[in-house]
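Just so we're on the same page: letters track the sequence lines, and every chain starts at 1.
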Number of protein chains: 2
Amino acid sequence: MQISSKLPAEERREITINAVIKLAGLQNPSEITTAAIAKHMQLTQGALFRHFATKDDIWLAVMEWVRDQFTGQIIRTEHSMSEPLAAMQAMFMRHIDFVTKYPGVPRMLFGELQKAKWTPAKGAAQSLIKHYTERLCALIEQGKASGDISDDIDTKDAAVLFIGTIQGLIMQSILSGDIQRIRNDAPGVFKIYQRGIRSWK
Amino acid sequence: MQISSKLPAEERREITINAVIKLAGLQNPSEITTAAIAKHMQLTQGALFRHFATKDDIWLAVMEWVRDQFTGQIIRTEHSMSEPLAAMQAMFMRHIDFVTKYPGVPRMLFGELQKAKWTPAKGAAQSLIKHYTERLCALIEQGKASGDISDDIDTKDAAVLFIGTIQGLIMQSILSGDIQRIRNDAPGVFKIYQRGIRSWK
DNA sequence: CTCAAGTAAGTAATCAATTACTACCTTAGT
DNA sequence: ACTAAGGTAGTAATTGATTACTTACTTGAG
């Protein structure tokens, strides 16, 4: 039997993370087995445990990758805009881009958050969303200060709705089975959100 | 060993559905085992299969219960209001009421929809949301006709956002671990949604 | 030659589903 | 009114699959 070409540990970890994210786009993340991951990267199941102590450890590595990639992209997008509302729209679209590129990610996040007992991966997921919410709240406050966003609305509520708006698009795409469709729906949905928070002079 | 008092089949099915919904509020629905369900209703695991052919059959029964309860309540609420926007607000609050009363339900729904392969329970979940979306679209069209809702916005987008808004609140409550908190947040979030769709004359 | 990275074949635990048996209720025949 | 028969709903133990993880051995690049 031919064996896979040997690779250094760090490279294998990266390939593993990639495989998990790809598989999560095709099936229910909680049903992804170590055997399935190994098969997808042309490796035997036991070999995975040369690079990860436990399966939880794999999930943690994946969540950390997601955290770094996602947060990095969002922060960079935010800083590329000066007007708060424009920044929010750009972040919205960047977020949509991200989830259409990696459709498994929102599934993993939501699935992880549902778990009853604490896991390192769940902690990473929680802090990711917490951090995201904080950035949004800061932007909304800016928008209120500059007069672009209405003072009438609650900052936290507006942040929750921003994320919920995307969540709703994702759910719709899961229903239709076509993740790419949310690219078309996103602008119209964001328009409604923007009408909801902007001030009318 | 003392055995549980015998009950007629139909009653046992109802008790089972109740147990599943209660358990789903406490833990990740996909991790609920037949043993856990049986234990929660003071029954042995094997006895469950006197009333349900398979575990999938249990899930289907639960989803059908949810479909009947939820749809019934929402439809009744819709018909109790004459103005479209008022009806939507009432439906929003009824929906929030429902998920705070049965916190396991949204988890089950979302978890079921994520599954790769089709199951009867997944089909029931899909048709529930499809039907709900259709009712919302009809209401929004009514609102446009009466001039309460802006013609500028897309009906389907507005319906997606309505559900997404609630989805966002649920996610926030899962994060905070306190499902009851969404009762407080709901009015403020709906207010933003309403600003987003209503016409400004 | 070494040893990190691989294979292949385990193990123990968990889970849905099955099986063999039992207790209780209803009902028909005398 | 009694009682034997049949059906229903329970128990307790077991089965076969699946899963995360382990162990003993093998390979090949530096």
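In this model, the phosphate group of D:dT8 is not approached by any side-chain N or O of B:R12 to a distance below 4.0 Å at OP1 or OP2. The phosphate of C:dA4 has neither OP1 nor OP2 within less than 4.0 Å of any side-chain N or O from A:H51.
A ring-centre distance under 6.0 Å is found for A:W65 and A:Y102. In this structure, A:F70 has its ring center closer than 6.0 angstrom to the ring center of A:Y132.
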Tabulate atom names and distances for all N/O pairs under 3.5 angstrom spanning the protein and nucleotides 17-19 of chain C.
{"from": "C:dA17", "atom 1": "OP2", "to": "B:K55", "atom 2": "N", "distance (Å)": "2.6"}
{"from": "C:dA17", "atom 1": "N7", "to": "B:Q45", "atom 2": "NE2", "distance (Å)": "2.8"}
{"from": "C:dA17", "atom 1": "N6", "to": "B:Q45", "atom 2": "OE1", "distance (Å)": "2.7"}

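Put simply, CG on B:L48 is 13 Å from C1' on D:dT11, counting in whole angstrom units. Rounded to an integer number of Å, the gap from NZ of A:K6 to P of D:dG30 is 11 Å. As rounded to whole Å, 14 Å separates atom P of D:dA20 from atom CG of A:D57. Atom CD1 in B:I58 sits about 13 Å away from atom C1' in C:dC15, given to the nearest Å. One atom, CD of A:E31, and another, P of C:dC15, lie 15 Å apart when rounded to the nearest Å. One interatomic measurement links the two molecules: CH2 of B:W59 to C1' of C:dA16, which rounds to 14 Å at whole-angstrom precision. Atom CG of A:L43 and atom P of D:dT26 are 19 Å apart (whole Å).
Of the two residues contacting DNA chain D, namely B:E10 and A:I32, the nearest-nucleotide position lying further toward the 5' end is that of B:E10.
With rounding to the nearest 0.5 angstrom, the OG1 atom of A:T33 is 6.5 Å from the NZ atom of A:K55.
Residue A:T33 places its side chain closer to D:dT19 than to any other of C:dG6, D:dT19, C:dT7.
Atom NZ of B:K22 sits in a sparse spot, with 12 or fewer heavy atoms from other residues, nucleotides or ligands closer than 6.0 Å. Counting heavy-atom neighbours within 6.0 Å of A:E134 CD, excluding the residue itself, gives a total above 12.
With no hydrogens or angles considered, a side-chain donor-acceptor pair links A:D148 and A:S146 at under 3.5 Å. In summary, the side chains of A:T100 and A:Q180 do not present any donor paired with an acceptor at a separation below 3.5 Å, with no hydrogens or angles considered.
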